[in-house]
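In what follows, chains carry the letters A, B, and so on, assigned in the order in which the sequence lines appear, proteins first and then strands, with residues in each chain numbered from 1.
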Amino acid sequence: MRDLSSTELSETLLGWYDIHARSMPWRIGPADRATGVTPDPYRIWMSEVMLQQTTVAAVKEYFTRFTTRWPTVTDLATAEDADVMAEWAGLGYYARARNLLKCARVVAFELGGQFPDTLDGLLALPGVGPYTAAAIASIAFDRSEAVLDGNVERVMSRLFNIHDPLPGVKPVLKDKAASLTPALRPGDYAQAVMDLGATICTPKSPACGICPWVAPCAARAEGTAAELPKKTPKKPKPTRYGVAYVARTTEGAWLLERRPDKGLLGGMLGWPGTDWGDAPSRNPPFTADWSRLEGEVKHTFTHFHLILKVETARIPEGFNLRPDQELLPQAGFKPSDLPTVMRKAFDLYQGNPPIKALG
DNA sequence: AAGGCGTGGCC
DNA sequence: TGGCCAAGCCT
């Protein structure tokens, strides 16, 4: 069989998408789009930032909560930092939340409330990189820009049977992706190729039998689809140790710390604690008769495992707060405002009373 | 430019 | 159950 042209390939995929497009809270489906309905760039941007390295299932509820609470970019731009960070808690990669707010303020206060509609304009925004800029340009503004995310990398490496490992081969895959991106319906095409990767051309046991691109797929012909894309091996994660200190006043207020903007869990609220190092240590926030809780928190970050002990004590009268510390009254404290590792420490506290009762 | 940066689901 | 993976960005 002769090779299919780029146009034939993209039209085949768009035909598949017209039938099988997934429904999502931020998506304008192909039928509505065909009648002239256009996406809200604010919602597309919000969804794309949330979807960075994050599953659709995890994003849906966060997207709904954010866009209900802050329906426009100006609403978000005028929000309190702490409210946005608390709303993001649990979604991970917290630099995204800080950049989300930074970006909203740029758009609202420096760009007249309108998102840039060009690739370069979008790329200049905080938290918007090559993938997200192309996604917004194509999906929100129907510009013919090629998206390259993990799905597209996998689809391209298989369609063209490319065995060179990621991330080195990324520029080649980007060229392939660009060669297929159509001038017509680029927004639908971008979502189609990602839907294909997410539902058919999956990492393990791809469903080649029902794939609209089974005929032109080079890896399918060679029987190598399931082993692509190749990736350079990852380093093993070390294990680190630490202690979190959960302390309350006699009135029931909780002692929490705002973490510095840069670094792990940047900008988030958390319990006072030790550094997380190669060996256990102690560093309580005040001198007291600390009780260690039974059990421990196990948590895995991107690049290390953590084993966290939890200690608790009564906060003494007249305790002086550092600027980064706050006493949150019971009524104003929600465990769901904490990043997951800190919420796990809270859960341990809730479930396992200390060996010694608090005074 | 290679490593830092979260979390939950899946097998 | 431990590693892999998810619509990556920043420095």
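- In this entry the distance linking CG of A:Leu91 with C1' of C:dG8 reads 13 Å, nearest Å.
- For A:Thr340 against B:dG6, a side-chain-to-base donor-acceptor contact under 3.5 Å is absent.
- Of the two residues contacting DNA chain C, namely A:Leu51 and A:Gly127, the nearest-nucleotide position lying further toward the 5' end is that of A:Leu51.
- Non-hydrogen atoms lying under 4.0 Å from DNA chain C are contributed by A:Asp149, A:Gly150, A:Asn151, A:Arg154, all within residues 145-178 of chain A.
- Comparing C:dG8, C:dA7, B:dT7 against the side chain of A:Gln52 picks out C:dG8 as the nearest.
- In this structure, A:Tyr62 places its OH atom 19 Å from P of C:dA7, rounding to the nearest Å.
- Across all strands shown, A:Thr300 has heavy atoms under 4.0 Å from base atoms, whether or not it also approaches the sugar-phosphate.
- In this structure, A:Leu123 places its CG atom 15 Å from P of C:dG8, rounding to the nearest Å.
- Summarising the geometry, the separation between OH on A:Tyr189 and C1' on C:dA7 is reported as 14 Å, rounded to the nearest angstrom.
- Rounding to whole angstrom units, CH2 of residue A:Trp88 and P of B:dT7 are separated by 13 Å.
- Between B:dG9 and C:dC9, the two P atoms lie 24 Å apart (nearest whole Å).
- Atom OH in A:Tyr131 sits 13.0 Å away from atom CG in A:Leu123 (nearest 0.5 Å).
- Applying the 4.0 Å criterion to OP1 and OP2 of B:dG4, one finds that A:Tyr93 has every side-chain N and O outside that range.
- Residue A:His299 places at least one side-chain N or O under 4.0 Å from the OP1 or OP2 atom of B:dT7.
- Inter-residue side-chain proximity for A:Arg33 and A:Gln191 is flagged as met; some heavy-atom pair is nearer than 4.5 Å.
- A cation-pi arrangement, defined by a distance under 6.0 Å to the six-membered ring centre and an angle within 45 degrees of its axis, is present between A:Arg65 and A:Tyr62.
- Within 4.0 Å (heavy atoms only), A:Gly266 reaches no atom of the nucleic acid at all.
- Minimum heavy-atom separation, A:Ala58 to A:Leu91: O-CD1, 4.1 Å.
- Taking the C1' atoms as reference points, C:dC10 lies 12 Å from B:dA1, given to the whole Å.
- Nearer to the 5' terminus of DNA chain B, by closest-nucleotide assignment, is the contact made by A:Lys235 (compared with the other of A:Lys235 and A:Arg98).
- B:dG4 atom P lies 19 Å from atom CZ of A:Arg96, rounded to whole Å.
- Here the nucleotide nearest the side chain of A:Lys234, chosen from C:dA7, B:dT7, C:dC4, is C:dC4.
- Using a 4.0 Å heavy-atom distance criterion, A:Gly197 is classed as making no nucleic acid contact.
- Comparing the same atom, P, in C:dC4 and in B:dG3 gives a spacing of 16 Å after rounding to whole Å.
- For the C1' atom pair drawn from C:dT1 and C:dC5, the interatomic distance equals 16 Å after rounding to whole Å.
- The aromatic rings of A:Phe115 and A:Tyr42 are tilted relative to each other, their planes meeting at an angle between 30° and 60°.
- Ring orientation note: the planes of A:Phe304 and A:Phe301 are tilted relative to one another, at an angle of 30° to 60°.
- At least one donor-acceptor pair under 3.5 Å links the side chain of A:Arg96 to the backbone N or O of A:Met50.
- Here the options are A:Phe286, A:Trp254, A:Trp290, the test is ring-ring contact (aromatic ring centres under 6.0 Å, His included), and the partner is A:Tyr245; only A:Trp290 passes.
- B:dG6 sits 12 Å from C:dA6 when the C1' atoms are compared, rounded to a whole Å.
- Residue A:Thr132 has its side chain nearest to C:dG8 when only B:dT7, C:dG8, C:dC5 are considered.
- The distance from atom CD of A:Glu48 to atom C1' of C:dA6 is 13 Å, rounded to the nearest whole Å.
- Within a 6.0 Å radius of NZ in A:Lys170, other residues, nucleotides and ligands contribute 12 heavy atoms or fewer.
- Using a 4.0 Å heavy-atom criterion, one finds that A:Met342 contacts no nucleic acid atom at all.
- Following rounding to the nearest Å, A:Gln53 (CD) and C:dC9 (P) show an atom-to-atom distance of 9 Å.
- For the pair A:His303 and B:dG3, the criterion of a side-chain N or O lying under 4.0 Å from OP1 or OP2 is not met.
- A donor-acceptor contact under 3.5 Å is not formed by the side chain of A:Thr302 with the base of B:dG3.
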